Amino acid sequence: MPSISRIDLTRFARFACLVLVSACARSAPDLPPDYGSVNPSTELTAEQFSATDLNMSCEGILAERDATKLEASQMTGAIHDNREHNQTVGYFGALFILPYVATVQNSDEKQRLDEIQQRWDTLAMLHRFKTCSSAVPQ
Amino acid sequence: MIIRQYGILIACALALSACAATRSSSTVTKPEAAQAAVIEDRQPTDPAAIIITDDDITDRPYQMIGDVKVGVSKTTIFNEDPTPKHVDDKLRKRAAKLGADAVVLVRYGTVGVSLMSWGTLEGQGRAVYFTD
């Protein structure tokens, strides 16, 4: 077992802070305004959508949603895999002070997940605006 | 001395790992006052009957009760990470207390370190009740 000097503890504290910053939990994205209630706080209008979106069919809306679901699942999987890697780095970092570059930040995946969620919200509003039907999930 | 320090550290970790694997928190954001008065009289519903969906429900009319945000955290670094299922269970319980029939537009964060935990997963959705 290596002995722990004051310098090692300082380095570990700095490293731990860097790991914590890089491995922070991503918050759940904000909800859109209420447009779906029988007394909604916001009414949906055509001006909220692009011309391309307004031309989409109900089937097209669902198809795009399914395609982005697959991409989101891949992003989430990549973040999960790297988290296991980062936790391992963290465990060994407490003993051997591995460099910060050994951790993986996943900032691109997190940003892409936020973009996907925004697109889902737009598709959900479009789905309602076009009065597409949907089966109530069980 | 060093061996004793490590020994104490490992013993503490093992003791903490015997505690509950997760803990959770929740907040509810309710709509404007004019609608809130109608919603206040809702009786609690059965959590098992609540529909959880990441989509909107367009085939049945509903009224929003409030936006529910929950966080599920693991209690020690050695426990398993919280999953969306844990978040769904928490959303169900919270929404049931509000008298909801469903939680729509559910979205999740990603598991990571938070201020109070080595692994936290956040989720939120809109608690609604059907008006038909």
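If you're wondering where the values come from, they're calculated on a predicted model, not measured in any experiment. The figures that follow rest on heavy atoms only: side chains count, while hydrogens, waters and symmetry mates do not. Convention: sequence-line order gives letters A, B, ...; per-chain numbering from 1.
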Practice prompt. Would you sort out whether B:Asp56 and A:His127 count as a side chain to side chain contact (heavy atoms under 4.5 Å, CB included), showing the intermediate values?
Written response: CA-CA 9 Å; B:Asp56 190 13; A:His127 194 259; over 6 Å; no

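- For the options B:Arg126, B:Arg107, B:Lys69, heavy-atom pairs under 4.5 Å to chain A are most numerous at B:Arg107.
- When all heavy atoms of A:Ala124 and B:Asp55 are compared, the pair lying nearest together is CB-OD1, 4.3 Å.
- Closest heavy-atom contact between B:Gln63 and A:Val38: OE1-CG2, 3.1 Å.
- A:Met125 and A:Leu62 fall into different hydrophobic clusters, where Ile, Leu, Val, Met, Phe, Trp and Tyr residues are linked whenever their side-chain heavy atoms come under 4.5 Å apart, directly or through other members.
- The OG1 atom of B:Thr131 sits 9.0 Å away from the CG atom of A:Asn39 when rounded to the nearest 0.5 Å.
- In this structure, the side chain of A:Ser37 engages the main chain of B:Met64 through a donor-acceptor pair within 3.5 Å.
- Under the 4.0 Å criterion applied to side-chain N and carboxylate O atoms, B:Asp54 and A:Arg65 are assigned as salt-bridge partners.
- Using non-hydrogen atoms only and a strict 4.5 Å limit, the part of residues 111-122 of chain A facing chain B consists of A:Leu113, A:Gln117, A:Asp121.
- Nearest approach of B:Glu122 to A:Ser27, heavy atoms of both residues: OE2-CB, 3.4 Å.
- Ranking B:Thr120, B:Leu121, B:Leu105 against chain A, the residue ahead of the rest is B:Leu105, based on heavy-atom pairs under 4.5 Å.
- For a residue to count as touching a neighbouring chain, one of its non-hydrogen atoms must lie under 4.5 Å from one of that chain's; by this rule B:Tyr108 touches chain A with the backbone only.
- Using a 4.5 Å cut-off between heavy atoms, B:Thr110 touches chain A through backbone and side chain atoms alike.
- Counting all heavy atoms, side chain and backbone alike, A:Ala28 lies closest to B:Gly123 at CB-CA, 3.8 Å.
- The shortest distance between side-chain heavy atoms of B:Gln124 and A:Leu31 falls below 4.5 Å.
- If you take CG on B:Asp59 and OG1 on A:Thr131, they are separated by 10.5 Å, rounding to the nearest 0.5 Å.
- Heavy atoms from other residues, nucleotides or ligands lying under 6.0 Å from NZ of A:Lys130 number more than 12.
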